[in-house]
Participant: 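I'd like to ask some things about the structure below.
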Amino acid sequence: MKLIVRYIRQIWPAMVLLLFVAIIATFFTTLRPVAAAGVINLVLDQIGYTENVNAEVEEVQAIEPNFFDLNQVGSLITDLFFSYGIEDNIVDSIPYFIFVLIILSLLAGIVKYSASALNSYLRSKIIKRLREDLSQTLLGLDLSFFNSIQSGDLMSRILADAQSVGQGVVSLTHRMTHSFLVIIAYLAFLINTSASLTATIGVIFVAHYIITALLRNPVKKYEISNLSALSSLTSALQEAFSNMRLVKSNPSSDISSKRLNEKISNSSREFFKRELASGLEPEARYLLDGIAEGIVLFVAVIQLFSGTINVEGFLLYIYVARLTLGPVNEFSSHFLWIQKIFASSERINEYFATQSQIKDGDLAINNFDVLDIKDLSFSFEEKKVLQDFNLLIKNNEKIGIVGKSGAGKSTVIDLILRFYDPNRGNITIDNINIKDFSLKSYRNLFGIVLQDVTLINDTVENNIKYGRNISDERLKESAIIANAHDFIIELSDGYKTIIGDRGAKLSGGQRQRLSIARAIAADPKILVLDEATSSLDSDAEFKVQVAIQNALSNRTAIVIAHRFSTLSKLNKIIVMNNGKVEAIGTNESLYKESSTYKQLYDLQFGRSEQ
């Protein structure tokens with residue numbers, strides 16, 4: 001509920017305007033029975049009920065004229081009409097009343113459309129703000145959160161749940177207000193006409209509430225299950241479509257098809273359960289409406305014959321009572337819609353309530369002399385990944401890190417970049433703990449090139465700039481340094497070429513060189529290369545190696561590599577084994593002193609090359 005109130009407060013002036021428009025629409029809507037009363041009164045006069053009806057009306061008017069009494073509203077409105085001398089002939093007067101009825105319906109339609117337009121605008125505003133806030137909240141969370149969450153669930157909550165809340169909050173406020181006011185106005189007509197007859201309708205109202213109350217929890221439960229199943233299906237679809245090479249290269253395996261079919265079946269099953277629960281409510285209300293109409297008609301006939309109401313009152317009562325059932329049904333259905341909104345808001349609130357374990361600091365930083373890692377230990381899900389890791393990196397120094405898979409190389413990079421915080425130990429820059437620096441200014445020190453290149457479906461230019469304010473001269477310079485300029489200008493539109501989803505229109509080596517250009521475009525102080533050439537062929541690797549050597553010039557570098565050719569020109573190499581530093585040295589010294597390094601080297605080059 002707090003989430004809903006929070007976003008309504010942001011648009012409360014427009015919400016007040018929407019409610020005001022709803023009140024105007026209600027006014028025009030509730031005038032329709034009055035116009036209809038005039039037509040009915042004139043028709044009754046014309047077919048021979050004049051004397052009886054006029055006598056009854058005069059008797060009632062002698063007591064007190066009441067425009068809300070359906071027994072006399074027709075006579076009162078026609079008398080008012082004739083008093084202005086608009087028309088004397090009864091038959092000729094009927095078109096005037098029908099015209100008024102049409103005008104009232106037209107005005108009500110115009111006002112309702114205006115309210116609907118404002119409703120749509122406010123819904124779009126809330127959905128936009130909700131999605132923006134939720135996206136920013138998620139982007140601010142640390143990697144440990146994303147390690148345990150399916151991406152499909154994130155997208156489902158940003159798209160489906162945010163839309164459900166945004167649409168529901170505004171629409172319900174508007175429609176419930178309109179329905180409530182219409183019900184009150186119609187009840188005023190009904191009660192003033194026959195309080196005892198209206199009491200029977202009150203019983204129907206109670207029955208509506210009971211049905212809604214009984215279905216409230218099941219609808220909310222199945223709505224949550226349906227949204228969860230939809231999230232799971234979204235994840236499966238994303239996984240399948242983003243790994244089409246794997247799917248196509250294994251035609252004999254139908255695991256992707258089986259997984260998708262399983263998720264689709266589960267989503268369909270949960271959707272059916274939700275619809276089954278939701279669909280029970282309108283059908284139950286339809287049954288109640290039929291019973292209500294029968295009871296009202298029966299009691300009204302008895303009161304007509306007993307003289308409690310006249311013919312005009314009888315006809316108008318049935319008409320207004322029937323009109324009342326519409327907003328009553330709509331009002332009741334809104335309570336079940338509220339349960340769906342609450343279900344979505346609960347799912348969204350789970351993420352809003354999640355706190356990042358990585359806390360932002362206050363200090364700004366734009367350069368450094370020494371980065372010092374002391375006694376670093378880190379565990380991931382109770383598995384020790386690093387133990388007592390120590391490393392000193394000086395400005396403009398080039399450091400290589402090698403080791404077997406699972407040795408903890410990438411974890412060191414993750415901790416340096418503050419994707420995680422260590423369980424024990426500290427990382428300092430110039431004797432200041434990196435936790436004291438603002439994340440934005442601290443991470444701006446780094447340019448990162450990963451093995452799994454991530455590119456966006458945009459132009460080459462925008463992939464290099466990546467939202468940063470980089471001049472065209474610097475853009476071109478970065479591409480030249482990354483050995484990418486030549487292939488870029490050969491593309492169909494040069495730097496304006498759209499490269500496809502994840503850079504699908506480029507080769508592996510081209511994607512990697514584009515990634516290097518992006519990393520150095522903002523002139524980072526520290527360049528991090530994590531297995532940047534491990535998946536490339538010899539020709540592509542050579543071109544990327546040239547790009548790397550250019551990029552390493554005049555900056556600090558941390559290089560993780562399996563290819564020893566990448567490590568040949570570094571100042572020192574750290575050998576890792578089981579989360580610890582086994583040895584530090586150069587290529588020649590480590591081959592003699594480190595068994596792990598010797599084993600990795602021999603596996604790659606063979607002993608014949610020693």
Side-chain angles (χ1 to χ4, degrees), residues 28-82 87 89-105 108 182-205 288-329:
F28 287 123
T29 300
T30 53
L31 281 180
R32 291 167 59 194
V34 177
V39 175
I40 292 174
N41 180 264
L42 291 174
V43 171
L44 290 176
D45 285 352
Q46 184 64 26
I47 63 176
Y49 285 94
T50 308
E51 295 182 3
N52 291 334
V53 172
N54 286 341
E56 292 170 2
V57 171
E58 287 173 4
E59 182 181 346
V60 175
Q61 286 179 334
I63 301 172
E64 183 179 358
N66 185 355
F67 273 93
F68 284 100
D69 185 351
L70 298 176
N71 290 303
Q72 54 176 309
V73 65
S75 299
L76 293 173
I77 201 69
T78 52
D79 288 345
L80 183 64
F81 182 78
F82 291 136
E87 186 62 62
N89 186 279
I90 293 177
V91 175
D92 293 338
S93 300
I94 293 177
Y96 285 96
F97 280 95
I98 294 176
F99 177 74
V100 170
L101 184 61
I102 293 172
I103 290 298
L104 288 173
S105 299
V182 170
I183 291 171
I184 295 300
Y186 285 163
L187 281 178
F189 284 118
L190 299 177
I191 292 173
N192 278 277
T193 303
S194 175
S196 58
L197 184 55
T198 307
T200 61
I201 299 179
V203 174
I204 304 301
F205 287 178
L288 279 176
D289 289 349
I291 296 173
E293 288 178 13
I295 293 175
V296 169
L297 185 59
F298 177 74
V299 177
V301 168
I302 293 176
Q303 294 197 355
L304 174 64
F305 290 154
S306 67
T308 306
I309 59 176
N310 58 28
V311 175
E312 180 184 336
F314 170 79
L315 294 174
L316 286 171
Y317 195 97
I318 299 300
Y319 173 63
V320 175
R322 190 68 188 86
L323 288 178
T324 307
L325 290 177
V328 168
N329 289 334

Participant: For residues L323 and P327, report the shortest heavy-atom separation together with the two atoms involved.
Facilitator: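 Looking at all heavy atoms of both residues, the shortest contact is O-CD, 2.9 Å.
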Participant: With a 4.5 Å cut-off on side-chain heavy atoms, are L297 and Y317 touching?
Facilitator: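 No, side chains not in contact.
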Participant: Which heavy atom of T198 sits nearest to which heavy atom of L190, and what is that distance?
Facilitator: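 Distance-wise, the nearest heavy atoms are OG1-O, 2.9 Å.
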Participant: Nearest 0.5 Å please: distance from the CD1 atom of I191 over to the OH atom of Y186.
Facilitator: 15.0 Å
Participant: If you measure from CD1 on I184 to OG1 on T324, what distance do you get to the nearest 0.5 Å?
Facilitator: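 It is 10.5 Å, given to the nearest 0.5 Å.
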